[in-house]
A.B. asks: 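One structure, pasted below without further comment.
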Amino acid sequence: MEGGTGSLACIAKVTRHLCKFQEMHQSHTMSTFTSWPCGPATIKLYCSAGIFFVCAPVFGRPPAAMSGEVLWAPAGPPDALQRLQPYFDAMGRGTLHLGCQPYMASVMKLSGNFFIAATIETIAEGMTLAEKNGISRCTSVKVWAHRRLALIRPSCYQLQTPV
């Protein structure tokens, strides 16, 4: 998490770019993770300049992005989200609006990344337990991914490389 000076630097950077957006009467959409301590101050700056600020991270690996299969998780002013919806539709398989405050999208992206990391750790622990008791990793994956058991069926669990 950013400290006080990091947040101030973020706000200063945003302030330098506000004039460009103000002249264009547009919204600023960010699809990367932002520090939520920086968020409220940034949002106030944008609002004071009459600019919509939307945070719109995606869930999906690069191949999913290339094929328009990412899941959008935006948050921001409803009017801005409505204007951006055609772009979300064109570049993804779905959109889950998270709320009116842009920082909510950053929190959801962080929690989603935590979920993915915890899942990786869980699979590794299960494989280690099985392997230490004479069951190969390959067999473990075959059991967990079997179509009738489907413990790791959702796409976020699917292995991207062979075991």
A.B. asks: Looking only at heavy atoms, which two atoms of Gly112 and Phe59 are closest? And how far apart?
C.D. replies: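 Answer, listing the atom of Gly112 first, then Phe59: CA-CE2, 3.8 Å.
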
A.B. asks: For the atom pair OG1 (Thr122) and CZ (Phe115), what is the distance rounded to the nearest 0.5 Å?
C.D. replies: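 Answer rounded to 0.5 Å: 8.5 Å.
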
A.B. asks: Given side-chain contact (heavy atoms from CB on, under 4.5 Å), test Phe114 with Ile116 step by step and report yes or no.
C.D. replies: CA-CA 5 Å; Phe114 175 79; Ile116 292 166; over 6 Å; no

A.B. asks: Is the shortest side-chain heavy-atom distance between Thr95 and Pro74 below 4.5 Å?
C.D. replies: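 In contact.
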
A.B. asks: Between atom CE of Met108 and atom CE of Met104, what is the distance when rounded to the nearest 0.5 Å?
C.D. replies: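 Reported value, rounded in 0.5 Å steps: 9.5 Å.
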
A.B. asks: Quick one: are Cys138 and Lys142 in side-chain contact, heavy atoms under 4.5 Å?
C.D. replies: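 Yes, their side chains come closer than 4.5 Å.
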
A.B. asks: Using modelled atom types and a 3.5 Å cut-off, is there a donor and acceptor pairing between side-chain atoms of Thr139 and backbone atoms of Ile135?
C.D. replies: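 Judged by distance alone, no pair lies under 3.5 Å.
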
A.B. asks: Kindly indicate, with the supporting measurements, whether the criterion side-chain contact (heavy atoms from CB on, under 4.5 Å) is fulfilled by Leu71 and Val58.
C.D. replies: CA-CA 5 Å; Leu71 178 64; Val58 298; over 6 Å; no

A.B. asks: In Å and rounded to the nearest 0.5 Å, what is the CG to OG1 distance from Asn133 to Thr128?
C.D. replies: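 Between Asn133 CG and Thr128 OG1, I get 11.0 Å after rounding to 0.5 Å.
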
A.B. asks: Taking side chain as C-beta onward, heavy atoms only, is Met91 less than 4.5 Å from Trp72?
C.D. replies: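 With C-beta onward as the side chain, the pair touches.
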
A.B. asks: Please tell me whether Tyr87 and Leu81 are part of a single hydrophobic cluster in this structure, the criterion being side-chain heavy atoms less than 4.5 Å apart.
C.D. replies: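 Linked within one cluster.
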
A.B. asks: Flag the pair Pro78 / Cys100 as yes when at least one side-chain heavy-atom distance between them is below 4.5 Å, and no otherwise.
C.D. replies: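 Counting from C-beta outward, Pro78 and Cys100 do come under 4.5 Å.
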
A.B. asks: Spell out, as yes or no, whether a donor-acceptor pair under 3.5 Å connects the side chain of Ser140 to the backbone of Ser136.
C.D. replies: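 At least one qualifying donor-acceptor pair exists.
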
A.B. asks: Look up atom NZ in Lys109 and atom CG in Leu98, then write down how far apart they are to the nearest 0.5 Å.
C.D. replies: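 Rounded to the nearest 0.5 Å, the NZ-CG separation comes out at 11.5 Å.
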
A.B. asks: Given side-chain contact (heavy atoms from CB on, under 4.5 Å), test Phe52 with Arg83 step by step and report yes or no.
C.D. replies: CA-CA 11 Å; Phe52 288 121; Arg83 286 193 321 198; 3.1 Å; yes

A.B. asks: May I ask you to test the Trp144-Met127 pair for a side-chain heavy-atom distance under 4.5 Å?
C.D. replies: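 Of all side-chain heavy-atom pairs linking Met127 with Trp144, at least one is under 4.5 Å.
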
